[in-house]
Amino acid sequence: MKHWLMKVEPSAYTIDDLERDGTTKWEGVRNYQARNFMRDEMRVGDKVLFYASNAKPSGVTGLAVIRRAGYPDPADETWTLVDIQFVKKFANVVSLETLKATKGLEKMVVTQKGSRLSIQPVTKSEYDIVVKLGKK
DNA sequence: GCCAACGTTGGC
DNA sequence: GCCAACGTTGGC
């Protein structure tokens with residue numbers, strides 16, 4: 001079982017949209033590294049931190065789970081889709097600022113300078129720390 | 001809106 | 001295959 005962080009801008013999709021929809025196709029990834037994670041490594045049941053980028057503030061807004069593993073995008077088979085399912089919305093956003101200030105998350109990809117990757121692997125311990133922060 | 005970081009493209 | 005130019009991401 002792996003853990004992931006998936007970024008999306010609120011103007012495109014939010015945790016509220018996911019709560020309403022239940023599940024959604026994760027469309028629009030146009031980066032090879034991110035695609036390869038979806039295509040090769042994501043499995044049904046993997047846990048996902050749902051991250052809002054370009055937000056006020058940017059941060060993790062809730063949790064999701066992989067519902068369907070990587071499959072070709074019917075619109076363009078170069079690219080890969082997965083389906084994710086809503087798990088929960090955090091009472092409060094766990095902001096990037098908080099992530100950067102939290103012990104144990106120093107190596108988390110999203111806290112690194114210049115980290116633009118929209119699909120990122122997260123360790124179990126990082127995932128657990130963020131879930132705990134989300135309950136506060 | 002600015003701009004640093006970084007991925008991609010394309011001329012050579 | 002190198003690398004400058006260009007485009008995009010995303011924090012601020």
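Protein chains get the first letters and strands the later ones, always in sequence-line order, with residue 1 at the start of each.
Nearest nucleotide to the side chain of Lys113(A), out of dA4(B), dG11(C), dT8(B): dA4(B). For Arg116(A), the listed nucleotide lying nearest its side chain is dG7(B); candidates were dG7(B), dT8(B), dG11(C).
Note on Leu81(A): it does not cluster hydrophobically with Phe86(A), by side-chain heavy-atom contacts below 4.5 Å among ILVMFWY residues. Cluster annotation: Val122(A) is not connected to Ile119(A) through the hydrophobic network of ILVMFWY side chains, with a link wherever side-chain heavy atoms come within less than 4.5 Å.
Counting to the nearest Å, the C1' atom of dC12(C) and the CD atom of Glu9(A) are 14 Å from each other. Leu117(A) places its CG atom 11 Å from the P atom of dT8(B), with the value rounded to the nearest Å. Between Gln120(A) atom CD and dC6(B) atom C1' there is a gap of 14 Å when expressed in whole angstrom units. Distance CD1 (Ile119(A)) to P (dG7(B)): 15 Å, rounded to an integer number of Å. Trp79(A) places its CH2 atom 10 Å from the C1' atom of dT8(B), with the value rounded to the nearest Å. With rounding to whole Å, Lys56(A) atom NZ is found 17 Å from dG10(C) atom P. Distance CG (Leu99(A)) to C1' (dC12(C)): 16 Å, rounded to an integer number of Å.
Taking 4.0 angstrom as the limit, Tyr51(A) places a side-chain polar atom (N or O) nearer than this to OP1 or OP2 of dG11(C). Put simply, Ser58(A) has no side-chain N or O that comes within less than 4.0 Å of OP1 or OP2 on dG10(C). Between Lys7(A) and the phosphate of dG10(C), there is a side-chain N or O to OP1/OP2 separation shorter than 4.0 Å.
Using a 4.0 Å heavy-atom distance criterion, Lys100(A) is classed as a sugar-phosphate-only contact.
Between the CZ atom in Arg39(A) and the CG atom in Asp73(A) there is a gap of 13.5 Å [rounded to 0.5 Å].
Of all non-hydrogen atoms in Met108(A) and Leu49(A), the two that sit nearest each other are CE-CD1, 3.7 Å.
Residues Asn31(A) and Asn54(A) both approach DNA chain B. Their nearest nucleotides, taken by heavy-atom distance, put Asn54(A) toward the 5′ side.
Classified by interplanar angle (parallel below 30°, tilted 30° to 60°, perpendicular above 60°), the ring pair Trp26(A)/Phe50(A) is perpendicular.
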